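Computed from a prediction, not measured in an experiment: that's the story for all the values here.
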Amino acid sequence: MNAGQVRGELLDVRGLHVSYRVRGSGRRGGTVAVDGVSLSVSPEETLGLVGESGSGKTTVARCVAGLLRPKAGTLTLDGRPLGRAGRRSPEARRAVQMVFQDPRSSLNPRMTVASIIAEVWHTHPVTAPEGDRTLALHRLLADMGLDPEVASRRAGDLSGGQCQRVSIARALAVRPRLLVCDEAVSALDVSVQAQILRLLIDLRDRHRLAMLFISHDLGVVHQIADRVAVMRRGVIVEQGATGEVLTAPRHPYTRELLDAALDLADPEPDGGKVRDDDGTVPDHGTVRGDNGAVPDDGTADDKAAV
């Protein structure tokens, strides 16, 4: 969908506030991670949310996905409140799915791929395929660019790129309307990043998905996003159509990010060469907030399922 199209909002976030406790700060002390963020995503639109590490973008993503309860603010989907974290309706939980940064830690390494997908179909039976589920699973894996034999393999035996493809398959198995991608390609080798990014673009178009795409890399966002929102220190400092923001940024911080980005004229890293999926860099800090602290509402992030 073109950014200029006028459509009703699918996701609407207004006045989002999140703070984190800091050890030794007492009950009232803490660090503000998100300070009054407002954004929206239309049906079939991709919004890129960019900023450096600690800017608050992952915190926003987890609030949208229902993994974190904000201190204040509202989140609605199709005009209906999304509800508090952990108390969303099955329909709302199906509608918003998340793909995490570290593909290995987001999957149970002891479970087979078939068991991982079967688990989400069991949790959301309304989305389970009728008839031969093995055939449906193989078709789903084929859509992800995976061979059927992967279904019998354990997640711990897969490469990083394969794990991320399985994570995407798990999310799409319940037919979501909004896919939240939190640095979904940043932990992968650069050549594998290009493969996964092309996969996400293809799946978005074929399944008519809306996406909230979180990244610190404007070069990546340039390839996938219709609009861009730039975050710095918990606040959105600039947003607009991707082409406009990246060619004529208004805020100095956006210009700094552009200076640090890869050449936007080369959309495929490594000259477009395709290699095998491998080479992840685990991010052990993702179980906490952007600044490594614990949410002040006492909730724990559950990355195993959304």
Side chains of [Y] and [X]: any donor to acceptor distance under 3.5 Å?
X: S191; Y: D189; value: yes
X: R204; Y: T46; value: yes
X: T58; Y: D182; value: yes

Verify, without hydrogens or angle tests, whether [X] (side chain) and [Y] (backbone) share a donor-acceptor contact under 3.5 angstrom.
X: R232; Y: G51; value: no
X: R133; Y: A128; value: no
X: T242; Y: D226; value: yes

Which distance, rounded to the nearest 0.5 Å, do you find between the [atom1] of [X] and the [atom2] of [Y]?
X: L209; Y: Q97; atom1: CG; atom2: CD; result: 10.5 Å
X: H216; Y: L49; atom1: NE2; atom2: CG; result: 13.5 Å
X: Q239; Y: R250; atom1: CD; atom2: CZ; result: 9.0 Å
X: H207; Y: L179; atom1: NE2; atom2: CG; result: 10.5 Å
X: E119; Y: H124; atom1: CD; atom2: NE2; result: 10.0 Å
X: Q101; Y: S106; atom1: CD; atom2: OG; result: 10.5 Å

Determine the minimum heavy-atom distance between [X] and [Y], stating which atoms define it.
X: Q164; Y: P103; result: N-CB, 3.5 Å
X: A169; Y: L140; result: O-CD2, 3.7 Å
X: L47; Y: S40; result: CD2-O, 3.7 Å
X: T112; Y: A151; result: CB-O, 3.8 Å
X: D143; Y: L199; result: O-CD1, 3.5 Å
X: L141; Y: P148; result: CD1-O, 4.3 Å

Point to revise | salt bridge (Lys or Arg N to Asp or Glu O under 4.0 Å) assessment of D202 paired with R198 | key: CA-CA 6 Å; D202 176 61; R198 287 195 297 268; over 6 Å; no
Taking only residues two or more places apart in sequence or in another chain, which ones pass side-chain contact (heavy atoms from CB on, under 4.5 Å) with [X]?
X: H251; result: V237, E238, Y253, T254
X: P81; result: none
X: A210; result: L10, V41, L178
X: T134; result: D132, H138

Point to revise | Criterion side chain to side chain contact (heavy atoms under 4.5 Å, CB included) on M144 and L203, from CA distance to verdict | key: CA-CA 8 Å; M144 304 301 126; L203 293 171; 3.8 Å; yes
Exercise for review: Could you tell me which residues satisfy salt bridge (charged side-chain N to carboxylate O under 4.0 Å, His left out) with R110, sequence neighbours excluded, listed by chain and number?
Suggested key: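 Checked R110 against salt bridge (charged side-chain N to carboxylate O under 4.0 Å, His left out); zero matches.
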Exercise for review: Check whether more than 12 heavy atoms from other residues, nucleotides or ligands sit under 6.0 Å from atom CZ of R233, and answer yes or no.
Suggested key: no
Exercise for review: Could you tell me whether R14 atom CZ has more than 12 heavy atoms of other residues or ligands within 6.0 Å of it?
Suggested key: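 Yes, because the 6.0 Å sphere around CZ of R14 holds more than 12 heavy atoms from other groups.
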Point to revise | Verdict with supporting geometry, R170 and L107, side chain to side chain contact (heavy atoms under 4.5 Å, CB included) | key: CA-CA 10 Å; R170 179 179 62 183; L107 301 174; 3.6 Å; yes
Check your understanding: Which residue pairs pass the side-chain hydrogen bond (donor to acceptor under 3.5 Å, both in side chains) test with at least one member in residues 74-83, sequence neighbours excluded?
Key -> D78-R177
Check your understanding: Do the non-hydrogen side-chain atoms of S19 and K71 ever get within less than 4.5 Å of each other?
Key -> yes
Review point. Heavy atoms, side chains only, cut-off 4.5 Å: are I236 and V230 in contact?
Key: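 SC-SC contact between I236 and V230 ruled out.
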Point to revise | Working for side chain to side chain contact (heavy atoms under 4.5 Å, CB included), residues Q162 and L146 | key: CA-CA 8 Å; Q162 289 173 323; L146 294 169; 4.0 Å; yes
**Study point:** Transitive ILVMFWY side-chain link V235 to L16, under 4.5 Å
**Key:** no
Practice item. Treating Ile, Leu, Val, Met, Phe, Trp and Tyr as nodes and any side-chain heavy-atom pair under 4.5 angstrom as an edge, say whether V99 and I201 lie in one connected cluster. Key: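 They do share one cluster, since a chain of ILVMFWY contacts under 4.5 Å joins V99 to I201.
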**Study point:** Derivation of the side chain to side chain contact (heavy atoms under 4.5 Å, CB included) call for S186 and D217
**Key:** CA-CA 9 Å; S186 67; D217 189 341; over 6 Å; no
